[in-house]
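In what follows, chains are A, B, ... by sequence order, proteins preceding strands, each numbered from 1. From a predicted model like this one, the values you see are computed outputs, not experimental measurements.
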Protein chains: 2
Amino acid sequence: MPNSTRTRASTGNSAKKSEKKTTVSPSPERRRELLSTAAEVFAAQGYNATTVRRIADEAGMLAGSLYYHFDSKESMVDEILSTFLDELWAGYEAVLGAGLGPRETVEALVTESFREIDRHRAAVAIYQKESKHLSAQPRFGYLTESQRRFERAWLGALERGVAEGVFRADLDIRLAYRFLRDTVWVAASWYRPGGQHSPEEIARQYLSMVLDGITPRERQERP
Amino acid sequence: MPNSTRTRASTGNSAKKSEKKTTVSPSPERRRELLSTAAEVFAAQGYNATTVRRIADEAGMLAGSLYYHFDSKESMVDEILSTFLDELWAGYEAVLGAGLGPRETVEALVTESFREIDRHRAAVAIYQKESKHLSAQPRFGYLTESQRRFERAWLGALERGVAEGVFRADLDIRLAYRFLRDTVWVAASWYRPGGQHSPEEIARQYLSMVLDGITPRERQERP
DNA sequence: GAGCTTCCCTAACAAGTGTTTGGTAGGTTA
DNA sequence: TAACCTACCAAACACTTGTTAGGGAAGCTC
C-alpha cells in the first residue's frame, strides 16, 4: 500500500462533458485519490513515460482496474489539469477583480501563484512539462486559452504599472512578462510542500528580487 | 527531404566510450546532421513521445537505417546532451577563470548562457525537460554532476558578491540561485534564433531586471 | 436469501514500440 | 572487371503499450 491515506479535501469540479461513456458510477472520493497518485507519477516520470500499470501499481491495484474509474489515461491528465486550472483561475480572478494597483496586483498574483504551487505541485509540474504538446490536441484546447488569459492578466498589470510610473519604462514588456511568468512557475520543479519556506515567504523573496533586484539600493523607501 | 541542407560546424567530441559495438564506421558529419534533426524532434515532442520512425521520417529515411549510425535511441539523446554540456562548460570555465568580480561574473555567465541557448536551443530544451528522469539512469550520471558544478559556480559568485557588498545581504542565497538559474534557462522554451532580439540583447534585459529590479530606481549610478 | 451495486481481478487483445538481420544500389579502389 | 565500402531499404522480431470483456467477492437493501 504505497499510497496510504491521502485525504485532501479539494472542491474540484471534474467531470465536465462526461456524459459520453462513464464506465459505471465510481465514487468521486476514490477518483480524487487515484488522480492524486496519478498526478504524482506523471509529475515525476513525465506523462508519456508513465504507464497505466505503474499508476495502478502505486495505487495498489491492477492496470485494468483503473478503467472502472476513468475511461482513458488521457482523461486522467485532462481531469488533473482542468481541475487545477479551475481552482487557479478562481484565485486569479479574485485578485484581478479586487481593484488593486499595478504593483499590488503583481504582488498578489505572485503570492497566489505560489499558493497554487503549494496546493497543486504535481499538477503544476505536469502543466509545465506537457502542456506544450498536449495543447496540440483539440481536447486540451483549454490549455491554450488559459495561456492567453495568463498573458492578458500579466501584461495588463505590467502596462498599467509602466503607465503609472511604478514600473520602469525602459524594459521590454513582453520580455518582462515571460520573465515573471517563468520565474514563478518553474519553482514547482524544486518546491516541496512542508519545506523550510512557506509559499508566502517564497513569494516575498521572489518579489523582493523581481521588484528591487539583487543589488543593494541606496535608500529603501516604500510608503 | 524535410531536413534539407544543415551544415552547422560544431566541434562536438561525441563518441566517449564507444568502442563497445559501433555498428560500422559512419561518417561524423552525417551523424551530426541526424543528431540535429533528432534533437529538433526531441525538443518539440519530448523524448519518450518521439519514435525513432518519426526521427527517420524527418531525416528522409527508414527507422532501421538510423541504426547504421547509432546503436540506440538512448545514445542519440546521450550524444546530444553530452556534446552540448561539453561546449557549455568550455564557455563557463572561460568565464570562471577570467578573474572577474562577482557582479561581472554573474553578468558574463548569464550572457554566455543565452549564447548557448542561441546555439543549442533544442539541446537546452531537451536538457530541461528530460534531465530529471534521465539522470536516474547511471548512463546519464554526468547530468547530475553537471548540475552540481552549476550550483557551485553560481553559488560561489553570489556568495562572493554578498561578501563584497555588491549583492544584497538580506536574500536567501539558495533561492536567489534557483531564481537566476531558472530565469535564464527557461528562456529556451520560447526563444527562437533569428528573432527580434540577439542573445546579448536578451541577456542585457534579463540582467537589468535581475540586478536592478523592475521598479524604477531614484538614481542610476554605476561606475 | 435474492438481487443489486461497488470495486477490483484475470486474461487477453491490437497497435505501436525499439531493434535486428540480411540484402542491395552506387561509388571507390585494385 | 572484381572486390570492397558506405549508406540505406525491406521485413521481420520481441516486447510494451493502452484498453476491453467477463467474472467474482464483499456489502447493502428488500
d(CD, B:Glu29; P, D:dT6) in whole Å: 13 Å
Euclidean distance, atom OH of residue B:Tyr67 to atom P of D:dA12 [Å, nearest integer]: 19 Å
Spacing of A:Glu33 atom CD relative to C:dC7 atom P, expressed in whole Å: 11 Å
Whichever of A:Arg53 and A:Ser65 has its nearest DNA chain D nucleotide further upstream toward 5': A:Arg53
Spacing between A:Lys73 atom NZ and C:dG16 atom C1', to the nearest angstrom: 13 Å
Nearest-neighbour nucleotide for the A:Met61 side chain, C:dC8, D:dT17, C:dG18 considered: C:dC8
A:Phe140 and A:Tyr142 aromatic ring geometry - parallel, tilted or perpendicular at 30°/60° bounds: tilted
Whole-Å gap separating C1' (D:dT17) and CD (A:Gln45): 15 Å
For residues 196-203 of chain B, please give each side-chain donor-acceptor pair under 3.5 Å, one per line with the distance, not counting sequence neighbours.
from     : atom 1 : to       : atom 2 : distance (Å)
B:His197 : NE2    : A:Asp172 : OD2    : 3.1
B:Ser198 : OG     : B:Glu201 : N      : 3.1
B:Glu200 : OE2    : B:Arg115 : NE     : 2.7
B:Glu201 : OE2    : B:Gln205 : NE2    : 3.3

Donor-acceptor contact below 3.5 Å, side chain B:Lys73 vs main chain B:Tyr47: yes
Short side-chain N/O contact from B:Arg54 to OP1 or OP2 of C:dT17, under 4.0 Å: no
Proximal nucleotide (of D:dT19, D:dG18, C:dG18) relative to the B:Val52 side chain: C:dG18
A:Arg31 CZ to C:dT6 P, straight-line distance once rounded to whole Å: 14 Å
Heavy-atom donor-acceptor pair, A:Ser36 side chain to A:Arg32 backbone, under 3.5 Å: no
Rounded distance (Å) that lies between atom C1' of D:dT17 and atom CG of A:Leu66: 14 Å
Whether B:Phe150 and B:Tyr92 hold their rings parallel, tilted or perpendicular, with breakpoints at 30° and 60°: tilted
Distance below 4.0 Å between B:Tyr68 side-chain N/O and D:dA7 OP1 or OP2: yes
Per-nucleotide pairing state of DNA chain D [Watson-Crick or G-U, under 3.5 Å; [ ] pseudoknot-crossing; | other strand]: |||||||||||||.||||||||||||||||
Nearest to side-chain heavy atoms of B:Ala63, which nucleotide of C:dT10, C:dC8, C:dT19: C:dT19
B:His69 side chain near D:dC8 phosphate (N/O to OP1/OP2, under 4.0 Å): yes
B:Lys129 backbone acceptor or donor facing A:Lys129 side chain under 3.5 Å: no
Sugar-phosphate only, base, or nothing, as touched by B:Thr50 at under 4.0 Å among non-hydrogen atoms: sugar-phosphate
Chi angles and distances behind the salt bridge (Lys or Arg N to Asp or Glu O under 4.0 Å) call for B:Arg121, B:Glu40: CA-CA 9 Å; B:Arg121 195 192 84 267; B:Glu40 225 56 57; 2.6 Å; yes
Nucleotide of C:dT17, C:dT19, D:dG18 approaching B:Thr51 most closely (side-chain heavy atoms): C:dT17
Nearest-Å distance for atom pair CG/C1', residues B:Asp71 and C:dT20: 13 Å
